[in-house]
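To start, the structure under review is shown below, and the notes come after it.
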There are 4 protein chains.
Amino acid sequence: MRSSFLQGLFQSIAKRGRRMLQRQPAFGIDGVDMPALSQAILSGRGEASGTALASTLLEDWKRLDQSGRLSFFQHLASNFGPDHERIAASLAAYQAEPDDAQAMALHEAAEPRRQELFRRLNRAPRGTLQLVAMRAELLGLLREHRELASVDRDFEHLLASWFNRGFLVLDRIDWNTPASILERIIQYEAVHAIRSWEDLRRRIEPADRRCYAFFHPALVDDPLIFVEVALTQGIPAAIAPILAAERSPLAAEHADTAVFYSISNCQAGLRGISFGNFLIKQVVEDLKRDLPYLKTFVTLSPAPTLRKWLSGHANEDQGEVVLSDAERSALARLDAPDWHLGEDADALKPVLMPLVAWYFLHARRGDGTPVDPVARFHLGNGARLEQIDWLGDVSERGLGEAAGFMVNYLYDLRHIEENHELYANQRQVVASSAVNRLGRRANA
Amino acid sequence: MRSSFLQGLFQSIAKRGRRMLQRQPAFGIDGVDMPALSQAILSGRGEASGTALASTLLEDWKRLDQSGRLSFFQHLASNFGPDHERIAASLAAYQAEPDDAQAMALHEAAEPRRQELFRRLNRAPRGTLQLVAMRAELLGLLREHRELASVDRDFEHLLASWFNRGFLVLDRIDWNTPASILERIIQYEAVHAIRSWEDLRRRIEPADRRCYAFFHPALVDDPLIFVEVALTQGIPAAIAPILAAERSPLAAEHADTAVFYSISNCQAGLRGISFGNFLIKQVVEDLKRDLPYLKTFVTLSPAPTLRKWLSGHANEDQGEVVLSDAERSALARLDAPDWHLGEDADALKPVLMPLVAWYFLHARRGDGTPVDPVARFHLGNGARLEQIDWLGDVSERGLGEAAGFMVNYLYDLRHIEENHELYANQRQVVASSAVNRLGRRANA
Amino acid sequence: MRSSFLQGLFQSIAKRGRRMLQRQPAFGIDGVDMPALSQAILSGRGEASGTALASTLLEDWKRLDQSGRLSFFQHLASNFGPDHERIAASLAAYQAEPDDAQAMALHEAAEPRRQELFRRLNRAPRGTLQLVAMRAELLGLLREHRELASVDRDFEHLLASWFNRGFLVLDRIDWNTPASILERIIQYEAVHAIRSWEDLRRRIEPADRRCYAFFHPALVDDPLIFVEVALTQGIPAAIAPILAAERSPLAAEHADTAVFYSISNCQAGLRGISFGNFLIKQVVEDLKRDLPYLKTFVTLSPAPTLRKWLSGHANEDQGEVVLSDAERSALARLDAPDWHLGEDADALKPVLMPLVAWYFLHARRGDGTPVDPVARFHLGNGARLEQIDWLGDVSERGLGEAAGFMVNYLYDLRHIEENHELYANQRQVVASSAVNRLGRRANA
Amino acid sequence: MRSSFLQGLFQSIAKRGRRMLQRQPAFGIDGVDMPALSQAILSGRGEASGTALASTLLEDWKRLDQSGRLSFFQHLASNFGPDHERIAASLAAYQAEPDDAQAMALHEAAEPRRQELFRRLNRAPRGTLQLVAMRAELLGLLREHRELASVDRDFEHLLASWFNRGFLVLDRIDWNTPASILERIIQYEAVHAIRSWEDLRRRIEPADRRCYAFFHPALVDDPLIFVEVALTQGIPAAIAPILAAERSPLAAEHADTAVFYSISNCQAGLRGISFGNFLIKQVVEDLKRDLPYLKTFVTLSPAPTLRKWLSGHANEDQGEVVLSDAERSALARLDAPDWHLGEDADALKPVLMPLVAWYFLHARRGDGTPVDPVARFHLGNGARLEQIDWLGDVSERGLGEAAGFMVNYLYDLRHIEENHELYANQRQVVASSAVNRLGRRANA
């Protein structure tokens with residue numbers, strides 16, 4: 001039922017959004033140059049006809065070509081930063097009397113004027129949506145234009161506050177969801193591509209499939225992030241049976257395990273603002289409530305950098321781990337096309353599984369965190385490394401990136417806090433005893 | 001139709017809110033002392049089980065008595081302010097290299113740690129609602145506990161950002177609105193009290209009455225501000241006919257004027273965050289679109305400090321204006337009970353009208369703005385002082401506060417910007433020529 | 001949640017209804033006399049512009065005064081009955097060949113032409129609503145105009161088909177229900193009058209109160225029938241504690257009993273079409289599902305004809321039962337005002353309880369069914385007579401109609417069918433052993 | 001906005017439907033044989049646990065195989081017809097006193113008992129849906145089992161009453177419609193097949209496309225009939241540009257013409273119950289209101305039997321019309337594949353156009369109505385034959401059935417009634433003067 005109301009909700013907001021788009025700029029202001037307009041919005045004029053001015057600026061911005069947009073961002077970087085004179089005054093006052101009140105004055109004085117500009121732009125109809133789109137554009141320019149980093153920082157600060165988890169609404173995505181939203185699910189799926197509407201339907205309609213997304217009221221019918229879930233008996237060790245076109249669905253109440261097999265961010269303009277942690281935990285809670293027989297909540301996750309790490313260690317002896325001959329020879333075989341279809345492919349399993357377990361347990365970056373980015377995300381959320389899956393993903397991508405390996409991370413809400421603390425404070429990778437046993441290497 | 005969807009929307013959110021309230025604290029954390037809990041929320045632990053910790057703190061806070069709540073606020077004031085060591089370091093760095101990047105670092109260093117705490121509390125289910133309630137409580141304590149002013153400033157900063165006009169949704173209130181919302185309209189009406197459900201119905205059900213409110217998605221079914229509108233032929237000069245129990249409604253399409261006769265804020269915890277300006281302008285735009293025959297948009301406003309000002313000048317000769325004998329004698333008569341029912345009451349009109357016009361045009365406070373608070377609000381929005389109404393409100397309150405006078409302010413969207421600028425920059429009270437003529441006094 | 005969607009649903013339908021009301025008659029037909037119009041609707045013309053003609057007739061009808069409406073009904077009675085020529089032909093054919101096909105032809109030939117007229121009128125926007133209103137008017141005329149009985153029969157036949165239980169939707173009424181619906185609940189409550197909005201709120205808002213109504217999609221926001229439910233611990237024996245202004249609500253999950261204490265029909269125009277049976281059983285099923293701890297489903301019912309029956313037997317010895325002296329003397333005391341407040345009122349209890357039990361178990365009408373109409377309803381539904389309540393309703397009405405007695409009927413879904421059969425086939429009043437024991441009289 | 005609420009409405013009803021499907025049969029009745037069950041439902045028992053019995057029968061029916069279903073229908077035909085004894089009695093009474101009251105008694109006596117059975121089955125959750133499915137099955141059996149015709153007649157009678165236009169709700173279908181409904185649109189489109197989700201999107205998403213459907217509250221999310229509309233400038237003469245994958249949409253407010261280019265019935269079980277007439281007229285009214293610049297409402301219709309008629313007259317001289325040599329030779333060329341792509345194809349136009357106009361104006365069936373079924377539908381609705389389109393549909397089907405011809409019928413609400421009367425009473429085909437001129441043949 002939850003789904004029902006949220007669908008109604010966001011459809012309605014979507015319609016409202018669309019209606020607003022068709023509106024005329026309200027007070028007849030147009031053709032103003034953008035720096036002047038930005039200035040006007042920040043000035044007193046903004047108070048009388050603020051939303052109209054903001055709308056105008058946002059409309060004008062959409063009509064700019066890429067170089068115009070770059071100029072606008074550069075203008076924001078140069079001319080809408082903090083007011084150094086005001087800082088100097090506040091700073092002197094703080095030094096004279098370094099108390100909390102002066103600190104607050106200093107804090108306010110040092111705020112870049114862009115932040116107030118963005119807050120005022122946000123008042124326009126669909127302003128939030130536009131600001132997110134603006135930031136997506138800015139992120140694309142950032143690599144070549146480091147001078148825009150400060151503008152991005154202001155965007156990120158405000159967006160993080162506005163997209164606070166408290167404002168997000170969880171909605172179930174199913175076959176009754178409007179097509180306009182479903183097409184975005186197809187388009188945004190980043191882990192296991194959705195190839196057609198039929199493929200989509202297989203992921204959301206059967207009784208043993210779920211899909212949930214976070215939405216934000218200001219972003220109309222555009223999801224922020226979504227997760228695909230399979231209900232199973234036991235922890236699955238491969239993705240193909242889950243995505244199979246032909247299979248008999250399980251009755252939901254016969255499942256004991258919920259498998260998070262794909263999680264995708266949707267909004268480029270919200271990069272750096274994390275929703276995944278909240279989404280998974282909320283879905284775990286909701287599933288527990290709706291399906292009390294579910295006992296286990298795990299992911300079925302890719303290992304996107306595993307193959308690259310293995311290659312580094314197979315080719316040279318510079319790695320953190322000294323390879324045995326057997327390992328070296330096993331790694332060499334991974335380059336052969338369709339190696340996993342070979343008769344003796346399974347002979348590689350006892351050689352590679354311990355090495356891969358070692359990778360997940362011990363391979364680290366300079367800052368002490370695991371090499372694997374997916375591991376960093378789930379361990380950081382307080383999940384436990386539960387199982388390593390041999391030939392879990394034999395798609396071209398799965399073989400190419402991870403030699404076919406997949407991983408299960410376990411979300412046990414009773415333990416996520418202690419897991420998280422061990423990980424955060426001591427960089428410890430909390431793992432099941434099976435994985436720990438597997439990862440014990442003589443030569444490590 | 002707008003109303004239809006928003007009602008659905010907020011009803012649903014309300015139900016969701018209520019459902020969430022019934023949830024158990026999720027991860028079994030309880031009985032923790034609030035300072036420790038606050039600390040935990042800000043620390044790394046907050047990342048793993050953040051929303052659960054936040055919920056716990058908010059639940060615990062509700063169970064505190066008033067002195068406990070005061071202690072909590074004082075704790076926030078003393079222990080969750082800015083980090084002065086971090087400021088000192090940033091400050092030194094800024095002085096060494098006073099550029100935008102260092103200014104940003106300084107800005108961040110000087111942010112009170114309360115702000116991040118509040119952002120994290122906001123992640124809890126119904127967190128926003130709770131924070132607004134917390135601030136309402138805080139505002140009550142503020143007069144006697146000035147040490148809490150810094151806490152209030154942080155609340156106000158965050159709430160102003162979260163309740164940005166871009167996140168507000170306008171909804172029409174009518175007789176199909178859920179009773180739970182209507183009872184709040186009854187309760188919050190601050191200008192012309194609603195005495196019963198029948199009285200309410202007379203203000204929202206007839207074809208020539210409208211009521212609109214701003215809602216925020218996180219505040220479930222609680223309006224932020226609402227405005228009551230009468231559709232009329234011509235500008236009304238008195239409130240009684242509008243509130244009359246017995247009257248024949250006008251067909252909406254026969255009206256040429258929309259009268260904003262009452263506007264009330266609802267949320268004590270959002271004091272200082274202004275919605276009225278946006279609300280009036282949005283309603284003007286919506287009414288123009290739905291009822292294209294409407295040509296005039298005016299208020300019918302009280303003058304809450306007029307009588308007090310008149311008294312000041314009637315009793316002594318110290319005022320800004322030298323009163324004539326006629327005026328002095330007229331003012332003296334206002335103390336008699338039911339003076340307005342006297343046979344010769346109308347004889348006072350030509351004496352008092354110019355004086356009152358002068359009050360609206362010229363009586364100023366120290367900062368150069370008008371004495372009348374309602375005038376300040378509407379003139380600041382860019383409205384024009386249109387008409388002074390003799391015996392516009394002969395209720396006890398109307399006579400007591402304003403000698404029966406009311407005022408109409410005109411909202412003409414084509415002119416609000418220039419009106420606003422004249423007012424904001426030159427403190428000029430833009431008025432109709434009729435009022436200007438009326439206010440010309442020889443002795444002023 | 002059910003309530004949430006249905007509210008949305010019917011609010012929306014209500015809005016649609018209202019929008020339709022504002023529409024202009026579509027094809028410019030007007031000023032036609034109603035007999036001609038009725039004829040046109042039934043003729044070929046009705047096919048091209050049928051809904052427009054139907055709308056016109058319904059609008060015209062509303063403008064008629066009472067005598068005009070009577071004439072119209074009489075016209076329907078005289079001129080839109082069956083076609084006797086057609087019957088004669090079909091009848092001859094049937095007699096020649098009395099098979100199913102000829103019977104069907106006869107059935108169709110004998111259908112009054114009014115039925116097709118009503119079906120075509122129903123095509124107009126809000127046609128169903130209008131036809132129900134028309135029948136309400138007709139029922140008022142029926143007593144003095146028996147010639148209209150045939151018109152009423154056609155109305156009843158069609159309405160019974162259109163208001164088939166399969167088309168009804170159950171909605172929960174609570175404090176989030178639109179005021180426009182709540183005011184009808186106040187107005188329609190027929191058992192224990194609702195005196196104010198506060199009184200209403202006490203019946204629908206607390207955690208241990210429920211109210212459900214049946215709605216029909218074509219009747220917009222007008223309920224058909226509603227039932228008020230109290231959740232309690234144990235079977236209550238009096239109404240006052242349930243309606244009390246001051247009481248501490250029970251948490252719903254602590255209740256073991258659901259008490260149906262008021263059930264009211266809303267639509268005069270649907271008289272004779274029974275919804276109560278379906279409503280109670282549906283609510284029992286829904287409550288069982290939502291609140292699994294509920295074990296007992298009972299009514300707390302009035303006994304509207306008890307006092308009258310008792311009086312009959314107290315005054316003369318002609319009744320079905322021979323009264324003892326003690327009974328005779330006890331009955332005599334019931335005429336004293338406030339007898340129930342007397343010190344020795346309870347002394348009457350052992351005397352009257354068996355007599356009242358006998359009334360419920362054995363007092364019959366000519367057709368063998370119980371004298372008590374409420375008993376007939378619940379026993380006919382398969383409920384069991386569970387308990388007789390001494391001083392259950394000491395309101396003026398309760399004392400006046402039932403000497404303060406109330407009754408509980410038990411709905412046990414496992415037994416309703418056999419109870420119903422015993423009642424329907426053998427006129428047996430199925431009762432609890434306690435009531436059966438109570439009702440055993442030596443002299444009966 | 002209309003669309004918004006109806007979507008919400010039917011989604012909700014759909015969810016409710018689905019929830020009900022998952023319910024357990026309520027009172028534990030199961031395994032009963034269907035004849036007995038049917039009998040029980042009609043008997044007194046049906047009153048106590050009627051909906052449970054009805055659910056059981058409907059569930060049991062679904063589990064039957066085809067021969068079981070046939071047996072059940074045959075059982076209904078043989079054993080649930082009218083009660084001939086009761087007829088005989090009523091008949092005698094009627095003959096004794098042939099008045100309206102006796103006619104009514106006869107009408108009721110002659111009603112097949114199936115009708116009451118169906119009304120009681122309809123009380124079950126989703127009963128209406130099931131009955132429609134039952135009739136769809138029955139219609140499939142009817143050709144080979146004429147003994148079931150009486151059962152079908154009862155189905156049709158009740159369904160026609162229950163699906164009265166007054167109970168239908170119009171909904172707009174667009175890209176925000178739930179996928180579960182859109183897939184049915186794809187599946188049910190009967191005129192110009194929808195080949196993919198992209199093809200569907202081109203018909204419902206652009207600003208100059210509309211799609212509307214009638215829904216019935218009891219049929220959850222399953223449309224009854226839908227119509228596809230293109231907004232254009234001027235009357236289009238070919239379908240290909242409307243269905244083209246690549247085209248620039250027109251702003252809706254720039255269109256002057258609405259073209260109904262496809263209308264499809266969805267429910268096999270509702271055959272014989274006509275919705276198309278109501279749908280077109282309702283959509284015309286709604287479009288007029290929403291887009292006041294629309295002046296012309298036409299169809300772009302197929303001529304499904306034209307080619308067959310032409311062939312009949314090309315091959316032999318027995319037709320109603322004597323063909324010229326030129327016509328004969330032109331008709332012969334239509335058999336060549338891709339004849340329309342030939343260089344001189346347009347030379348056929350002046351030869352064939354008058355012949356085709358004649359066909360539409362004069363070719364009749366035995367009952368005097370036009371040979372063309374689409375013409376019968378639109379002329380019967382009061383539309384006017386407006387334009388004959390040369391090479392309007394050069395798809396395989398269009399060439400095969402209609403030699404590429406299409407037709408426009410004009411809906412002018414001011415004239416539909418007189419058009420309809422001329423057609424209904426005098427079999428006159430009302431046509432534009434252009435078509436009338438074209439259709440004048442010397443030899444006709």
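Below, chains carry the letters A, B, ... as their sequence lines are ordered, and counting in each starts from 1.
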Do the side chains of S150(A) and M104(B) get nearer than 4.5 Å, heavy atoms only?
no
Proximity breakdown for D99(A) and chain B, heavy-atom pairs closer than 4.5 Å:
backbone
Only heavy atoms, only distances under 4.5 angstrom. Which residues in residues 87-94 of chain A are near chain B?
I87(A), L91(A), Y94(A)
Closest heavy-atom pair and its distance - A110(B), A103(A):
CB-O, 3.6 Å
Provide the closest heavy-atom pair for P98(B) versus H84(A) in the form atom of the first, atom of the second, distance.
O-CE1, 3.5 Å
Find the distance between CD (E111(A)) and NE2 (H157(B)) and round it off to the nearest 0.5 Å.
6.0 Å
Let's go through E108(A) and R153(B) carefully: what are the C-alpha distance in whole Å and the side-chain angles of both, what is the deciding distance for side-chain contact (heavy atoms from CB on, under 4.5 Å) to 0.1 Å, and is it a yes or a no?
CA-CA 11 Å; E108(A) 287 171 359; R153(B) 198 130 102 200; 3.6 Å; yes
Keeping the roles fixed (side chain from D100(B), backbone from P82(A)), state whether a donor-acceptor pair exists under 3.5 Å.
no
Measure distances from A109(A) to the heavy atoms of chain B and classify the residue's part below 4.5 Å as side chain, backbone, both or neither.
neither
At a 4.5 Å cut-off on heavy atoms, which part of S161(A) comes close to chain B: side chain, backbone, both, or neither?
both
Rounded distance [0.5 Å steps], CG in L106(A) versus NE2 in H107(B):
10.0 Å
For R123(B) against R165(A), the heavy-atom pair lying closest together
O-CD, 3.5 Å
Spacing of N164(B) atom CG and W162(A) atom CH2 [to the nearest 0.5 Å]
5.5 Å
So for atom CD, which belongs to Q426(B), do other residues, nucleotides or ligands contribute more than 12 heavy atoms lying within a distance under 6.0 Å?
yes
Does any backbone or side-chain atom of R119(A) lie under 4.5 Å from a heavy atom of chain B? Answer side chain, backbone, both or neither.
both
